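Here's the structure, in structure tokens; my notes come after.
All values derive from a computational prediction rather than experimental measurement. Side chains included, hydrogens not; waters and symmetry mates left out as well; all remaining heavy atoms used.
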Amino acid sequence: MEGMGRSLIVIGLILIAIGVAVSFGPRIPFIGRLPGDIYIKKENFTFYFPLATSILISVLITLILYLFRK
């Protein structure tokens, strides 16, 4: 039962972190506008793919999960 309790605590903390990120996301100036993000705008077509932002978020989540497992 100890393992399940710890898992629920970790899942709760992750959900809180996601909630805070969603709430304050628009206020963070560099998220979504990094140099590696692909943005193509033509007459009546817009394509946006946040490649660098996705990589940065993936690395941060990987580091956080690595620290929790250690």
Side-chain angles (χ1 to χ4, degrees):
M1 273 309 203
E2 263 183 53
M4 187 171 152
R6 287 182 185 166
S7 297
L8 288 174
I9 291 172
V10 170
I11 290 170
L13 290 174
I14 290 171
L15 286 174
I16 289 171
I18 290 172
V20 169
V22 168
S23 296
F24 295 111
R27 296 182 187 156
I28 301 173
F30 62 87
I31 295 293
R33 288 183 270 159
L34 292 174
D37 293 343
I38 299 169
Y39 181 72
I40 300 171
K41 186 174 183 178
K42 300 219 177 185
E43 293 173 12
N44 51 349
F45 175 76
T46 302
F47 178 75
Y48 178 69
F49 185 71
L51 182 65
T53 302
S54 299
I55 292 171
L56 177 67
I57 291 171
S58 174
V59 168
L60 288 175
I61 291 172
T62 302
L63 288 173
I64 290 169
L65 290 176
Y66 174 75
L67 291 175
F68 273 118
R69 289 184 184 176
K70 202 167 187 189

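Linking ILVMFWY residues whenever their side-chain heavy atoms come closer than 4.5 Å, directly or via other members, leaves Phe49 and Ile57 in distinct clusters. The hydrophobic cluster containing Leu51 also contains Phe47, counting ILVMFWY residues as joined when their side-chain heavy atoms lie under 4.5 angstrom apart, directly or transitively.
In this structure Ala52 satisfies the side chain to side chain contact (heavy atoms under 4.5 Å, CB included) test together with Leu34, Asp37, sequence neighbours excluded. Residues meeting the side chain to side chain contact (heavy atoms under 4.5 Å, CB included) test with Thr46, sequence neighbours left out: Tyr39, Lys41. The side chain to side chain contact (heavy atoms under 4.5 Å, CB included) check on Leu63 picks up Val59, with sequence neighbours excluded. Taking the side chain to side chain contact (heavy atoms under 4.5 Å, CB included) definition, one finds that Ile18 meets it with Ile14, Val22, sequence neighbours left out.
A distance-only check finds no donor-acceptor pair linking the side chain of Ser58 to the backbone of Ser54 [under 3.5 Å].
Of the inter-residue distances, the one linking Ile40 atom CD1 with Phe45 atom CZ reads 7.0 Å to the nearest 0.5 angstrom. Between the CG atom in Leu60 and the CD1 atom in Ile55 there is a gap of 12.0 Å [rounded to 0.5 Å].
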